[in-house]
Amino acid sequence: MDTKKYLELCERAETGEKVSKDDWDMDYIIDTVMELVDEYDFDWDKQVLVPQDDKLLDDMFAAAKKMILTTGVYNMSTGRIIRFTEEEIDEGIRNMKTELVMGEGKDAYTLTARKIEDTKEPAIWAGNPGCPTPERLFYPIVKSVAQEPVIDLMTCGSLVDVDGYAVKSGHPTEVIAVRREMEYLHKALAEVGRPGIGLLAAESAVTEIGDLAAVSEKRLRPCDSHLVAMFNELIIDNGNMVRAASSLDYGMRNASLACSMVGGLGGDAPGSTIVMIASILAANLICMADYHLCHPIHIRDVATTARGCLWLQSVLCQTFAKCAPAIIVCDLWPSSGSLTKEMLYEVAANSIVVTVSGGHLEGLGAANGNAPHGTGLECRLMGEVGKAVARQGMTRAEANEIVLKLVEKYEHIFSMEDGNKGQPFDVAYDMETIQPTPEWQQMYEEVKTELAEMGIRFED
């Protein structure tokens, strides 16, 4: 999209219909979703987390397109609605990238639009995206991920302190945190001999101030990407439009991020899926998205491994693969943390669902992304499972059977009073060698053996 077109869209945020946030939620989101769910008779079976229904996919795409044409997007900075024409939505669909080179040199990686049951391996975009991380653990965690050969691209957590000072939004500490984050990422990649790996970074940027502070050839390079978020549901603000505009002449990739809430304003899984697909259609325009991150949140269980979130990710990936090929990258946020087998079961289940449905894998946001309890080891498992599932040509029916077994192994954690957040990085890994402790390594090996017995064919 050229500058003039984008500025014209931005102007609609100043001139569009003015509504309150409450009216947006009730009259535009809830009412519209309920009408579409009734019109298309959407429902879901909690025993079918990887559906095989072409009509469902066609209907989902049609419903989502109707929704974004009906509602538009709400700009919460101005309290006004940004509307799009059907021609604009169609143009955005036609212009969705199906191939995108990330990174540079020998480490460059080409993202492509994957198909349903594709034997082409998914990208493994590894790190602990957005997880709040103290500076003393930040570099060791990044290094533990960077050293894993299975990864293709990298992301990271967000720094909560720098030089002993708490990071605050829109404050000098945010600028310093973002730049420190980028220094740690590049240092780790250089140390493992893969300096050109493509990044999704500036995760420490809570506001556009932090995001802009990362834009530099030695920090967030043109071959890297940053987040341009759509808030739930179908909401954007001026700060994220500034993030998008920042890429216009610099060239870095825009990753749209939609976080629809299963059980929230969109209702259960089918309604939330409509909203998420509609968010991506809008993000083609208002976020100038080069690729899309799909991150559902469950209103009670939070994690992307809740049944409703797994169903949403599967249906969304399949819908785009069938109806409008695009690069869809799914976030993996398990409820559990390191040094728990449940975390590994969650990772495996989520990786299988996304891979067979046509998506790429990004994560992991351990402990619901709320603690620095992630390590490189579960990122290794995510990569090994995703690549194995693709190589062996696993079908959706086979995937559904395995995933249901895995869900039974971890679903109890959602009702645990204090959760299952596991242990921080410095308990799961040796801080000097940056290697898993024997206990964590043994859990990984035991779970991998279980997965092989279930039917996943790992390479020797």
Side-chain angles (χ1 to χ4, degrees), residues 21 24-25 29-30 33 44 46 49 60 64 67 73-74 76 125 127-132 155 157-158 200 203 206 227-237 240 255-280 282-283 287 292-317 328-337 342-343 346-347 349-351 353-354 357 359 361-371 373-374 382 407 410-411 413-416 419-421:
K21 173 64 165 56
W24 173 259
D25 290 344
I29 300 300
I30 294 176
V33 171
W44 72 298
K46 293 182 181 181
L49 303 181
M60 270 290 169
M67 178 159 194
V73 168
Y74 185 66
M76 67 181 184
W125 210 318
N128 53 340
C131 293
T155 184
S158 58
L200 170 58
E203 293 280 349
V206 179
L227 294 172
V228 184
M230 294 274 293
F231 306 122
N232 56 299
E233 308 289 356
L234 287 170
I235 293 173
I236 199 161
D237 66 356
N240 275 284
S256 83
L257 173 64
C259 296
S260 294
M261 185 171 287
V262 176
L265 299 178
D268 210 350
S272 298
T273 305
I274 296 172
V275 175
M276 184 77 87
I277 296 171
S279 294
I280 289 177
C287 301
H292 300 279
L293 285 170
C294 170
H295 188 147
I297 299 170
H298 194 279
I299 194 168
R300 182 188 66 248
D301 302 331
V302 183
T304 59
T305 54
R307 289 182 191 241
C309 292
L310 293 174
W311 190 92
L312 184 157
Q313 287 189 327
S314 178
V315 172
L316 183 141
C317 288
I328 307 294
V329 183
C330 287
D331 273 345
L332 274 63
W333 275 37
S335 185
S336 305
E342 287 89 351
M343 181 199 207
E346 289 184 80
V347 169
N350 215 159
S351 299
V353 167
V354 172
S357 301
L361 301 169
E362 194 251 6
L364 300 144
N368 286 328
N370 288 325
H373 291 197
M382 174 178 72
V407 169
Y410 69 73
E411 205 166 26
I413 63 174
F414 296 135
S415 59
M416 291 171 62
N420 192 44
K421 65 181 182 180

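Please read all numbers here as calculations on a predicted model, not as lab measurements. By convention here, the first residue in the shown sequence is residue 1. The figures here come from the full heavy-atom set of this structure, side chains too, leaving out hydrogens, waters and symmetry mates.
Residues meeting the side chain to side chain donor-acceptor pair (under 3.5 Å) test with Ser256, sequence neighbours left out: His292. For Tyr74, the ring pair (Phe, Tyr, Trp, His ring centres under 6.0 Å) partners at least two apart in sequence or on another chain are Trp24. Residues satisfying the side chain to side chain contact (heavy atoms under 4.5 Å, CB included) criterion with Ala349, sequence neighbours excluded, are Val403, Leu406, Tyr410. Under the salt bridge (charged side-chain N to carboxylate O under 4.0 Å, His left out) criterion, Glu411 pairs with Arg307, sequence neighbours left out. The side chain to side chain contact (heavy atoms under 4.5 Å, CB included) test applied to Asp268 returns Trp44, Val262, Pro270, not counting sequence neighbours. Listed by chain and number, the residues in a side chain to side chain contact (heavy atoms under 4.5 Å, CB included) with Ala258 are Met276, Ser279 (sequence neighbours excluded). For Asp301, there are no side chain to side chain donor-acceptor pair (under 3.5 Å) partners, not counting sequence neighbours. Partners of Ser272 by side chain to side chain donor-acceptor pair (under 3.5 Å), not counting sequence neighbours: none found. For His295, the ring pair (Phe, Tyr, Trp, His ring centres under 6.0 Å) partners are Trp333, not counting sequence neighbours. Checked against salt bridge (charged side-chain N to carboxylate O under 4.0 Å, His left out), Lys21 has the following partners two or more places apart in sequence or in another chain: Asp25. Taking the side chain to side chain contact (heavy atoms under 4.5 Å, CB included) definition, one finds that Ile30 meets it with Met26, Met34, Leu265, sequence neighbours left out. Applying the side chain to side chain donor-acceptor pair (under 3.5 Å) rule to Ser357 yields the partners Ser314; only residues at least two apart in sequence or on another chain are considered.
The line from CG of Leu332 to OG of Ser351 is 5.0 Å long, rounded to the nearest 0.5 Å.
Screening Asn368, Thr305, Ile413 for a side chain to side chain contact (heavy atoms under 4.5 Å, CB included) with Ser336, the sole residue that qualifies is Ile413.
Contact of the Glu233 side chain with the Met261 side chain is registered, since non-hydrogen atoms from C-beta on lie closer than 4.5 Å.
In this structure, a donor-acceptor pair under 3.5 Å is present between the side chains of Thr304 and Asn350.
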